[in-house]
Colleague: 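Before I ask anything, let me first share the structure, which is written out below as structure tokens.
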Amino acid sequence: YGLYFKGIPSIILTHQLMVQTGMGNLANQLTQKLHFNFLKHFDEVWVPDVEISPNLSGALAHCDKLPPTTKYIGLLSQFEGLPDSNTVGSKLLIMLSGPEPQRTILADILWQQCLALQRQVIFVAGSSSAAAPTHIPAHIRYYTRSGGSELAGFIAEAEIVVCRSGYSSLMDLVLLGKKAILIPTPGQTEQAYLACHLEQEGIFLGAEQSNFNLSVALKKAEDFLFRPSQLQAHFRDFERELDRWMKTKTS
């Protein structure tokens, strides 16, 4: 919020215009008012999503009241331009991330349940400090963490991904056209909202960490629609807004 200076054109990039506090509408509205006071310092507010429905952020960035300088710029992904887009894989990818202790808690839950699966699994623990299991069975490939083209390759190998519902991860999954089971980090109301919203939209399947059962979730996934392709056409939209911005500020 502090990255602006009077006289220098500036943009803030966010997908949260209506913060989901988890404490009801009044708390949401009060937080939004404070939020908008910060946003008004910027020349424009760029939202990495589409304005129309279906969209990725739901009510987070499609509320009744918006800053007058709001622009929807389409979706963004670290994997754009890589050759593995929309590859149909066969493996289960466990892709963990996020703060402790919840990352470790979920890693332990999923590891124990992966041991009993009769399918190939790629397990990315999401932390360089994660302690690798002493015994890794033949059907599991284990990595403490991964990123860049390596992670894109893992996602391409996957038929379905189990991960948190962080916004950057969701955009990556849409770009690569993957089915996903989203497990929000407990206490992160934004992630909880996104998992629920995207399940309602038929894009990804949501699940809670408490009492999570991988076999049950995979069975449920067999009958779920999974329609990330509805949003795939919007990964170059930002070029239009960037060109407009540059022409305006350099003319």
Side-chain angles (χ1 to χ4, degrees), residues 15-16 18-28 31 56-60 91-119 121-133 136-137 139-140 142-146 154-155 158-174 178-228:
H15 66 281
Q16 293 195 67
M18 173 59 85
V19 178
Q20 300 295 308
T21 64
M23 297 182 288
N25 288 334
L26 180 58
N28 290 350
T31 304
L56 200 63
S57 61
L60 292 177
K91 297 178 176 62
L92 168 66
L93 171 62
I94 305 295
M95 187 172 67
L96 300 178
S97 61
E100 298 291 3
Q102 296 300 335
R103 187 209 60 82
T104 295
I105 291 171
L106 183 58
D108 291 343
I109 292 170
L110 291 173
W111 178 256
Q112 292 302 318
Q113 296 185 24
C114 282
L115 294 175
L117 292 181
Q118 301 298 314
R119 66 182 299 171
V121 177
I122 303 172
F123 195 104
V124 181
S127 173
S128 55
S129 61
I136 301 174
H139 72 284
I140 300 178
Y142 180 91
Y143 303 85
T144 54
R145 67 180 301 126
S146 180
F154 292 163
I155 298 174
E159 177 188 11
I160 190 163
V161 179
V162 177
C163 63
R164 296 297 193 190
S165 48
Y167 201 70
S168 295
S169 296
L170 299 179
M171 291 193 288
D172 292 341
L173 292 169
V174 168
K178 290 300 172 178
K179 301 176 182 179
I181 299 170
L182 308 176
I183 308 174
T185 301
Q188 292 199 9
T189 52
E190 173 220 354
Q191 288 196 12
Y193 170 78
L194 286 169
C196 181
H197 162 67
L198 294 171
E199 180 167 346
Q200 291 174 349
E201 291 289 326
I203 297 174
F204 298 124
L205 184 62
E208 293 185 1
Q209 179 171 301
S210 59
N211 302 315
F212 179 77
N213 186 301
L214 181 58
S215 295
V216 170
L218 291 172
K219 184 66 176 177
K220 185 177 179 181
E222 293 176 4
D223 300 318
F224 193 76
L225 293 174
F226 292 113
R227 298 181 296 184

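When reading the values below, keep in mind they use all heavy atoms of this one structure, side chains included, and skip hydrogens, waters and symmetry mates. Residue numbers start at 1 and run along the sequence shown.
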Colleague: For a 4.5 angstrom cut-off between non-hydrogen side-chain atoms, does Leu170 reach Ile203?
Modeller: no
Colleague: Of all heavy-atom pairs between Ala207 and Ile181, which one has the smallest distance, and what is that distance?
Modeller: CB-CG2, 4.2 Å
Colleague: With a 3.5 Å distance limit and no angle check, can you tell me whether Ser169 reaches the backbone of Ser165 through a side-chain donor-acceptor pair?
Modeller: no
Colleague: In a check of side-chain contact (heavy atoms from CB on, under 4.5 Å) between Leu96 and each of Leu106, Thr104, Ile183, which one passes?
Modeller: Leu106
Colleague: Of Leu214, Val121, Leu93, which meets side-chain contact (heavy atoms from CB on, under 4.5 Å) against Val162?
Modeller: Leu214
Colleague: Just to verify, what does Glu159 make a side-chain contact (heavy atoms from CB on, under 4.5 Å) with, not counting sequence neighbours?
Modeller: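 Counting only residues at least two positions away or on another chain, Glu159 forms a side-chain contact (heavy atoms from CB on, under 4.5 Å) with Arg119, Lys179.
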Colleague: Would you compute the distance between atom CZ of Phe212 and atom CD of Gln113 and round it to the nearest 0.5 angstrom?
Modeller: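 These two atoms lie 6.5 Å from each other.
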Colleague: Please walk me through it: do Ile140 and Leu117 pass side-chain contact (heavy atoms from CB on, under 4.5 Å)?
Modeller: CA-CA 9 Å; Ile140 300 178; Leu117 292 181; over 6 Å; no
Colleague: How far does CD1 of Ile160 sit from CZ of Phe204, to the nearest 0.5 angstrom?
Modeller: 10.5 Å
Colleague: For the residue pair Cys163 and Leu182, establish whether any side-chain heavy-atom pair is separated by less than 4.5 Å.
Modeller: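 The answer is yes, as the side chains (C-beta and beyond) meet within the 4.5 Å cut-off.
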Colleague: Answer yes or no: is there a side-chain heavy-atom contact under 4.5 Å between Pro137 and Leu115?
Modeller: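 SC-SC contact between Pro137 and Leu115 confirmed.
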Colleague: Examine distances only and state if a side-chain atom of Arg103 and a backbone atom of Ala125 form a donor-acceptor pair shorter than 3.5 Å.
Modeller: yes
Colleague: According to side-chain contact (heavy atoms from CB on, under 4.5 Å), who are the partners of Ala192, at least two apart in sequence or on a separate chain?
Modeller: Pro184
Colleague: Report the distance from atom CD of Gln16 to atom OG1 of Thr189, rounding to the nearest 0.5 Å.
Modeller: 7.5 Å
Colleague: According to ring pair (Phe, Tyr, Trp, His ring centres under 6.0 Å), who are the partners of Phe123, at least two apart in sequence or on a separate chain?
Modeller: Trp111, Tyr142
Colleague: Measure the spacing between CG of Leu198 and CD of Gln200 and express it to the nearest 0.5 Å.
Modeller: 9.5 Å
Colleague: Counting N and O atoms only, with roles assigned by atom type, does the side chain of His139 sit under 3.5 Å from a partner on the main chain of Cys114, one being a donor and the other an acceptor?
Modeller: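 Such a contact is found between His139 side chain and Cys114 backbone.
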Colleague: For Tyr193 and His197, take the angle between the two ring planes, folded into 0 to 90°, and tell me which bin it lands in: parallel under 30, tilted 30 to 60, perpendicular over 60.
Modeller: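 Answer is parallel, since the angle falls under 30°.
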Colleague: I'd like to know if the side chain of Thr185 pairs up with that of Arg164 as donor and acceptor (distance under 3.5 Å, no hydrogens or angles considered).
Modeller: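 Yes, Arg164 and Thr185 have a side-chain donor paired with an acceptor closer than 3.5 Å.
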Colleague: Which atoms form the tightest heavy-atom contact between Phe226 and Ala221, and what is the distance?
Modeller: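 Scanning both residues completely, I find the closest heavy atoms to be CE1-O, 3.3 Å.
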Colleague: Do Ile105 and Pro186 have side-chain heavy atoms sitting under 4.5 Å apart?
Modeller: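 No, every pair of side-chain atoms sits at 4.5 Å or beyond.
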Colleague: Would a distance-only check, ignoring hydrogens and angles, find a side-chain to backbone donor-acceptor pair under 3.5 Å from Gln102 to Gln209?
Modeller: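 No.
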Colleague: Within this structure, what is the CG-CD distance for the pair Leu205 and Glu199, rounded to the nearest 0.5 Å?
Modeller: 5.0 Å
Colleague: Counting only heavy atoms from other residues, nucleotides and ligands, does the tally under 6.0 Å from CG of Asn211 exceed 12?
Modeller: no
Colleague: Please check: side-chain N/O of Lys178 versus main-chain N/O of Ala158, any donor-acceptor pairing under 3.5 Å?
Modeller: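 Between the backbone of Ala158 and the side chain of Lys178 there is a qualifying donor-acceptor contact (under 3.5 Å).
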Colleague: Can you measure from CD1 (Ile122) to CD1 (Ile94) and round to the nearest 0.5 angstrom?
Modeller: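 If I round to the nearest 0.5 Å, the distance is 10.0 Å.
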